[in-house]
Amino acid sequence: MGDERLQSCFGKRPGGLALVAVVMLGAGIGEALATPLTPFRYEAQAQRHCPHDQVVWLDFRKGIYYAKGQKRYGQGFDGSFVCRSEARESFYRRSLLGLR
């Protein structure tokens, strides 16, 4: 009785169920997974979290980050210090404001 229901759902071909399972499993393979973003209130905390990476100021509202030395680095209420690699992998873009 169980086979009859499966055949009616997936057709009478013997590999129909296997094909559906492969398609369902393969659907998630191509998705890009972003690195979890870990925001910090203080620059020193972020530097301890990523000692071999540059710390940047991420402005969440604008979706951009500022490097140390740029005018808006560490300023604003809508931001946090994060590792540059995490910001880039989370699809935030760098600010060109103040770069020379």
So, do [X] and [Y] sit near enough that their side-chain heavy atoms are less than 4.5 Å apart?
X: S80; Y: F60; answer: yes
X: R88; Y: R84; answer: yes
X: V56; Y: V82; answer: yes
X: Q70; Y: R94; answer: no

Hey, what do you get for [atom1] ([X]) to [atom2] ([Y]), rounding to the nearest 0.5 Å?
X: Y92; Y: L58; atom1: OH; atom2: CG; value: 5.0 Å
X: Y65; Y: D59; atom1: OH; atom2: CG; value: 13.5 Å
X: Q47; Y: F40; atom1: CD; atom2: CZ; value: 10.5 Å

Give a yes or no on whether the backbone of T38 and the side-chain of E86 come within a donor-acceptor separation of less than 3.5 Å.
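Yes.
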
Would you please indicate if the ring centroids of F81 and W57 are separated by under 6.0 Å?
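Under 6.0 Å, so yes.
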
Smallest heavy-atom separation, D78 atom then R61 atom, equals OD2-NE, 3.1 Å

Disulfide bond (SG atoms under 2.5 Å apart) contacts in which one or both residues fall within residues 50-91, not counting sequence neighbours
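Of all non-adjacent pairs touching residues 50-91, those that pass disulfide bond (SG atoms under 2.5 Å apart) are C50-C83.
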
R41 meets the salt bridge (charged side-chain N to carboxylate O under 4.0 Å, His left out) criterion, sequence neighbours left out, with none

Please identify each residue that fulfils salt bridge (charged side-chain N to carboxylate O under 4.0 Å, His left out) with K68, with sequence neighbours left out.
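Checked K68 against salt bridge (charged side-chain N to carboxylate O under 4.0 Å, His left out); matches are E43.
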
